[in-house]
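These numbers come from the heavy atoms of this one structure, side chains and all, not from hydrogens, waters or symmetry mates. Lettering follows sequence order; numbering is per chain, from 1.
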Protein chains: 2
Amino acid sequence: MLETSARLLHLLSLLQMRREWTGPALAQRMEVTERTVRRDIGKLRTLGYPISASPGIAGGYQLGAGAQLPPLLLDDDEALAVAIGLTAVTASPVAGVGEASVRALTKLEQVLPARLRPRFSGLRSAVTRMAAPSTPVDPAVLTALSAAITERRIVAFRYERHDGESSRRLVEPYRLVDTGRRWYLVAWDTVREDWRTFRVDRCRSIPSPRARFTARPLPATDLARYVQKSITRSPYSYDAVIRLSAGIREIEQRIPAEIAELTSDGPDATILRAGFDSLDYPLMQLASLDVEFEILEPEAMRVRAAELAGRLRRAAGGTGTVYAR
Amino acid sequence: MLETSARLLHLLSLLQMRREWTGPALAQRMEVTERTVRRDIGKLRTLGYPISASPGIAGGYQLGAGAQLPPLLLDDDEALAVAIGLTAVTASPVAGVGEASVRALTKLEQVLPARLRPRFSGLRSAVTRMAAPSTPVDPAVLTALSAAITERRIVAFRYERHDGESSRRLVEPYRLVDTGRRWYLVAWDTVREDWRTFRVDRCRSIPSPRARFTARPLPATDLARYVQKSITRSPYSYDAVIRLSAGIREIEQRIPAEIAELTSDGPDATILRAGFDSLDYPLMQLASLDVEFEILEPEAMRVRAAELAGRLRRAAGGTGTVYAR
DNA sequence: CGGGCCGAGGACAGAACCTGTCCTCATCGC
DNA sequence: GCGATGAGGACAGGTTCTGTCCTCGGCCCG
């Protein structure tokens with residue numbers, strides 16, 4: 001029987017590895033008779049895994065997509081790839097799957113064989129460095145928080161406030177919320193005895209787990225909305241208004257709707273409104289559009305644009321004639 | 001017995017979900033006696049999964065990292081996160097795990113429940129758009145090729161040559177090679193009856209599988225090196241030489257070693273050599289360093305820097321005094 | 001030190017399941 | 001029609017599983 005459980009997993013692994021298998025091939029691979037293979041296939045079907053079959057020449061079995069996801073059986077390199085991919089997603093959260101990616105990464109790290117850890121560490125820093133220039137978060141902070149949330153453990157960490165001063169916090173962590181730009185932790189502050197929303201990028205130490213706690217009712221059902229309300233200021237350092245010298249139709253095709261709000265300003269001009277945490281990246285993206293643009297707000301963005309312009313001009317050195325596009 | 005296989009997977013799932021479980025909690029969750037839980041734990045141990053135990057108050061079981069990776073049991077959101085993460089890695093390959101990430105993504109897509117596919121499609125295009133601006137590759141092309149490689153199926157696709165003309169190809173695909181910047185396919189061309197190395201970003205249709213083929217000996221044991229040799233020209237559109245006005249120690253800390261070759265040019269200057277496929281992104285990154293720099297080569301990069309400088313200058317408009325840093 | 005909470009594992013009875021072997025039937029492509 | 005595929009019942013001989021009961025050991029706390 002124990003041999004059967006192992007064999008069923010092996011069968012599942014083979015079906016994931018290649019799309020099509022014949023009964024005789026599976027029987028040989030698993031060292032049982034074809035009758036037993038047919039029985040095992042039936043068992044997997046009973047367990048809910050949809051395996052289709054076609055008889056005759058070029059026939060065989062195929063594992064398809066069913067109502068539930070089967071256990072994923074990965075080899076070493078595949079596991080590393082998954083870990084790296086999840087790390088990339090946590091570094092630049094994609095709306096809606098942020099917390100799930102941290103949870104999945106926590107699961108994977110728990111069981112990652114020791115021989116793969118050095119490679120993972122090396123590749124991890126490469127991915128973190130390549131992430132889009134928003135506020136950087138240490139993946140280790142995220143996974144530590146995720147584990148504490150799952151296991152209902154109080155965590156201690158050093159937290160830096162907006163004025164730069166850091167203090168020690170002891171909290172019951174409940175939820176990680178990703179706003180698409182930043183990670184927040186919704187937690188009950190055990191010292192202040194009230195709910196607090198923490199910016200994860202301001203966490204200055206790896207949260208260390210303490211005693212268990214009993215869950216209390218959450219402060220809201222929609223925690224993403226709750227976090228948005230908790231943020232007393234604009235989530236961005238800069239709220240920009242930019243006039244682009246191209247019609248809105250053209251601009252819509254080149255700038256994702258989630259990033260900016262676009263308003264038509266006549267047949268050949270578009271007003272773009274968006275928030276940014278830093279200026280360099282958006283400035284260079286705007287310059288790369290090869291569309292003339294004008295910064296209406298904020299002043300700081302105009303100053304920065306002039307600085308970058310100067311540096312690029314000097315870097316170009318003794319270029320002869322510049323042809324305007 | 002069938003019930004036992006399912007129960008073992010369920011137990012594994014619980015152990016992955018939370019770090020610590022007591023026997024009584026597991027027994028209640030799975031609706032068996034504690035004695036059966038102890039037996040099941042023993043079975044998982046026999047299967048190779050290292051489960052540690054601590055007796056007494058605050059005791060329990062913990063699934064640890066062993067010699068092999070256990071089957072991963074994920075919920076819907078976690079599966080989506082994994083899929084998105086793998087898509088991100090295939091879009092910007094991290095050296096060494098590129099092919100594995102495609103293989104893993106192919107496995108996952110095969111079993112992804114239908115109800116998750118629309119969400120996956122939506123999130124996938126978001127990730128692809130955010131990828132670093134190297135040569136874009138459709139993830140669907142990669143996974144179709146990976147499946148064909150695994151199943152030894154000839155594939156047909158339209159391929160665009162460097163002169164822009166596209167033709168139909170019928171090939172035996174053997175390996176996907178990621179050079180860190182681009183994807184290549186090593187394949188046997190059935191029409192020309194010779195080995196060919198294809199750039200995946202030039203594949204203009206989703207490869208469709210045809211008949212099976214019998215594997216032939218590969219043209220080399222080290223296919224990454226083979227691909228590098230096959231590329232008759234520099235892999236990059238531009239080979240740049242840039243002089244930075246800062247010491248090499250400072251620059252090394254801010255520019256990843258894999259991206260550029262750095263040479264000291266005195267105590268306050270550094271020569272940077274690197275290849276690029278486009279100019280805007282590197283120019284943006286260089287300008288953002290807040291270090292004066294000079295483009296020694298190529299001329300095209302100087303021209304582009306001047307263009308961007310002009311556009312940024314005009315965008316800054318009537319800025320008053322510009323303070324040099 | 002005792003009590004309670006945890007994990008460990010042997011022994012037994014009654015029940016359930018597993019595998020190979022053999023067989024008949026159906027579908028598919030050439 | 002033939003050969004290659006999948007489907008599944010029946011049987012004999014053997015194996016495994018579960019709950020129940022029990023003893024033992026470690027850990028923490030009052």
Side-chain angles (χ1 to χ4, degrees), chain A residues 1-12 14-15 18-47 49-64 66 151-153 209-212 214, chain B residues 1-12 14-15 18-47 49-64 66 151-154 209-214:
Chain A
M1 184 300 298
L2 173 59
E3 188 54 27
T4 304
S5 296
R7 202 177 61 237
L8 284 184
L9 280 177
H10 187 206
L11 177 54
L12 207 40
L14 295 177
L15 291 171
R18 263 178 34 198
R19 191 166 304 234
E20 291 175 351
W21 287 89
T22 62
L26 289 172
Q28 183 180 41
R29 192 66 180 262
M30 300 200 295
E31 295 177 340
V32 289
T33 64
E34 291 174 37
R35 186 66 186 87
T36 299
V37 167
R38 287 201 293 274
R39 285 199 183 106
D40 285 355
I41 294 282
K43 279 167 199 140
L44 289 181
R45 283 172 173 155
T46 304
L47 285 173
Y49 304 122
I51 299 167
S52 60
S54 43
I57 297 275
Y61 297 105
Q62 296 172 273
L63 175 65
E151 290 165 44
R152 295 225 202 316
R153 279 186 184 274
R210 298 298 160 85
R212 291 184 194 271
T214 304
Chain B
M1 184 295 305
L2 173 58
E3 189 54 28
T4 304
S5 297
R7 202 177 61 237
L8 284 185
L9 282 177
H10 188 207
L11 177 55
L12 207 41
L14 295 177
L15 291 172
R18 261 177 37 196
R19 191 167 306 236
E20 287 176 351
W21 287 89
T22 63
L26 289 171
Q28 184 180 40
R29 193 66 182 261
M30 300 198 298
E31 295 177 338
V32 289
T33 63
E34 290 173 38
R35 185 66 185 86
T36 300
V37 166
R38 287 201 292 274
R39 286 198 184 107
D40 285 356
I41 293 283
K43 280 167 199 142
L44 289 181
R45 282 171 172 157
T46 304
L47 286 173
Y49 305 124
I51 299 167
S52 59
S54 43
I57 297 275
Y61 297 106
Q62 296 171 271
L63 176 65
E151 290 163 45
R152 296 226 204 313
R153 279 188 183 273
I154 288 172
R210 296 298 160 86
R212 291 184 195 272
F213 64 88
T214 305

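The list of salt bridge (Lys or Arg N to Asp or Glu O under 4.0 Å) pairs with a residue in residues 19-31 of chain B, not counting sequence neighbours, reads A:E151-B:R19, A:R153-B:E20, A:R212-B:E20.
Per the geometry, CG belonging to A:L8 stands 13 Å off C1' belonging to C:dC17, to the nearest Å. Residue A:I41 contributes atom CD1, which lies 9 Å from atom P of D:dG6 at whole-angstrom precision. Rounded to an integer number of Å, the gap from A:E34 CD to D:dA4 P is 11 Å. Going from atom CD of B:E31 over to atom C1' of D:dT18 covers 15 Å, rounded to whole Å. B:E20 places its CD atom 18 Å from the P atom of C:dC5, with the value rounded to the nearest Å. The NZ-C1' distance, from B:K43 to D:dT16, rounds to 8 Å in whole Å. Atom pair B:D40:CG and D:dT16:P shows a separation of 15 Å (rounding to whole Å applied). Between the OH atom of A:Y61 and the C1' atom of C:dC28 there is a distance of 15 Å, given to the nearest Å.
A distance of 12.0 Å separates CD1 of B:I51 from NZ of B:K43, quoted to the nearest 0.5 Å. Interatomic distance, CD1 of B:I41 versus CG of B:L8, reported as 9.5 Å (0.5 Å rounding). Taking CZ of B:R18 as the reference point, atom CG of B:L26 lies at 8.5 Å (rounded to 0.5 Å). Summarising the geometry, atom CG belonging to B:L44 is positioned 7.5 Å from atom OH belonging to B:Y49; distances are rounded to the nearest 0.5 Å. Interatomic distance, OG1 of B:T33 versus CZ of B:R38, reported as 8.0 Å (0.5 Å rounding). Interatomic distance, CG of A:L9 versus CG of B:L12, reported as 8.0 Å (0.5 Å rounding).
Judged by closest nucleotide on DNA chain C, B:I51 is the one of B:I51 and A:V32 placed further toward the 5' end. The 5' end of DNA chain C is approached more closely, in terms of each residue's nearest nucleotide, by B:W21 than by the other of B:W21 and A:R39.
At C:dG7, none of the side-chain N or O atoms of B:S52 fall inside 4.0 Å of OP1 or OP2 (strictly under the cut-off). Between B:T4 and the phosphate of D:dT18, there is a side-chain N or O to OP1/OP2 separation shorter than 4.0 Å.
Closest to the side chain of A:T33, out of C:dG10, C:dG20, D:dG6, is C:dG20. With D:dG9, D:dT5, C:dG9 as the choices, the nucleotide that has an atom nearest any side-chain atom of A:R35 turns out to be D:dG9. When each of C:dG7, D:dG6, C:dA11 is scored by its nearest atom to the side-chain atoms of A:A53, the top-ranked nucleotide is D:dG6. Side-chain proximity of B:T36 to D:dT18, C:dG20, C:dG7: nearest is D:dT18.
At the heavy-atom level, A:G42 lies nowhere under 4.0 Å from the strands shown.
Here the side chains of A:M30 and A:L14 are in contact, with some heavy-atom distance below 4.5 Å.
Side-chain atoms of B:R38 and base atoms of C:dG7 include no donor and acceptor less than 3.5 Å apart.
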Does the protein touch nucleotides 24-30 of chain D at the base, only the backbone, or not at all? Give it as B, S and - per nucleotide, heavy atoms under 4.0 Å. -BBB---
